[in-house]
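Reminder, nothing fancy here: chain letters follow the sequence lines and each chain counts from 1.
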There are 2 protein chains.
Amino acid sequence: MTYQESLVALADPTRRQIFEALAEAPRPVGQLAQDMPVSRPAVSQHLKVLSDAGLVTCRAEGARRIYAVRPEGLAQLRTWLDRHWSKVMARFAEEVNGKDGLDD
Amino acid sequence: MTYQESLVALADPTRRQIFEALAEAPRPVGQLAQDMPVSRPAVSQHLKVLSDAGLVTCRAEGARRIYAVRPEGLAQLRTWLDRHWSKVMARFAEEVNGKDGLDD
DNA sequence: GCTTACGGTAAGTAATGACTTACCAAGAAT
DNA sequence: ATTCTTGGTAAGTCATTACTTACCGTAAGC
């Protein structure tokens with residue numbers, strides 16, 4: 001549920017592939033596994049990581065578990081990125097302007 | 001130099017700490033290592049990963065190597081995130097609006 | 001010149017993590 | 001009721017990786 005977990009979760013290529021598939025459309029585990037180069041249990045394990053990070057949710061539909069992306073998860077990561085983005089851009093502007101030449 | 005590398009680079013807590021320190025202000029390696037719970041060589045290795053990912057650059061200043069964040073690196077990650085953000089939000093809107101009830 | 005500060009690289013180690021197969025529980029179908 | 005589907009969990013394995021110490025090159029200071 002933190003941006004740290006989101007970064008770890010999305011750093012793995014397989015997990016990113018799963019996440020991107022879910023961003024297209026919600027899917028059950030089995031269908032995800034079919035399109036993936038790894039076994040179904042592996043997909044389940046990845047889904048747990050994504051779920052713990054708050055990036056996906058799961059709704060039961062009979063025996064099927066339909067996974068879907070969770071906007072708030074991405075939002076948190078976005079917030080973190082934007083905070084640093086601002087910081088970096090401010091610093092960059094200083095650099096360009098010459099840091100002591102305050103006005104243009 | 002890709003968003004994938006950026007994600008891997010920023011997924012590690014120590015590396016994130018280094019990156020965030022550099023986002024505050026450019027620093028030489030030794031100074032970074034002082035504020036860090038790991039050895040100087042470890043910091044060097046992390047800086048290599050961050051550098052390969054395009055997230056930081058290095059300018060030599062005598063014997064010192066001053067590292068600084070590289071805006072373009074973050075920009076790439078931001079672009080990727082925003083692409084998916086849009087996708088996720090579009091999907092979320094569909095969900096809320098009821099997907100077949102097209103207008104409100 | 002020699003010595004000290006700075007930092008990258010090498011080699012080895014210990015922990016993490018991504019994957020597999022085997023197994024088990026719960027719902028659907030006949 | 002039993003059989004088949006769906007998917008989570010357990011246990012074990014192999015690869016990756018984050019870390020350490022030791023070492024080497026280069027610049028600065030005396």
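More than 12 heavy atoms of other residues, nucleotides or ligands lie within 6.0 Å of CD in A/E20, so this atom counts as buried by the packing criterion.
Atom-to-atom, CD1 of A/I66 to C1' of D/dT5 comes out at 14 Å; the value is rounded to the nearest Å. Atom-to-atom, CD of A/Q45 to P of D/dG12 comes out at 15 Å; the value is rounded to the nearest Å. Rounded to whole Å, the distance from CD on A/E61 to P on D/dT5 is 19 Å. A/L47 places its CG atom 7 Å from the P atom of D/dG8, with the value rounded to the nearest Å. Distance B/D12 CG to C/dA15 C1': 13 Å, rounded to the nearest Å. Counting to the nearest Å, the P atom of C/dC6 and the CZ atom of B/R65 are 14 Å from each other. Going from atom CE of B/M36 over to atom P of C/dG7 covers 13 Å, rounded to whole Å. Between B/L32 atom CG and C/dG8 atom C1' the separation is 14 Å, expressed in whole Å.
Annotation: side chain of B/L22 is in contact with side chain of B/L32 (closest heavy-atom distance under 4.5 Å). Side-chain contact check for A/L77 versus A/L55: every heavy-atom pair is 4.5 Å or farther apart.
Considering only side-chain N and O atoms, A/T14 lies nowhere under 4.0 angstrom from the phosphate OP1 or OP2 of C/dA18. Using a 4.0 Å cut-off, some side-chain N or O of A/S39 falls inside it from OP1 or OP2 of C/dT20. The shortest distance between the side-chain N/O atoms of B/Y67 and the OP1/OP2 oxygens of C/dG8 is below 4.0 Å.
The 5' end of DNA chain C is approached more closely, in terms of each residue's nearest nucleotide, by A/V8 than by the other of A/V8 and A/A42. Residue whose closest nucleotide on DNA chain C sits further toward the 5' end, between B/A63 and A/A63: B/A63.
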Salt bridge (Lys or Arg N to Asp or Glu O under 4.0 Å), that's the test. Do A/R78 and B/D82 meet it? Break it down for me. CA-CA 8 Å; A/R78 232 174 94 96; B/D82 279 355; 2.3 Å; yes
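Taking only distance into account, the side chain of A/R40 meets the base of D/dG8 through a donor-acceptor pair shorter than 3.5 Å.
Residue B/V38 has its side chain nearest to D/dT20 when only D/dT20, C/dT9, C/dC19 are considered. The side chain of B/R15 approaches D/dA18 more closely than any other nucleotide in the set C/dT21, D/dC19, D/dA18. Closest to the side chain of B/S44, out of D/dG8, D/dA18, C/dG7, is C/dG7.
Classified by interplanar angle (parallel below 30°, tilted 30° to 60°, perpendicular above 60°), the ring pair B/F19/A/W80 is tilted.
Across all strands, A/P41 comes closer than 4.0 Å to base atoms (heavy-atom distances).
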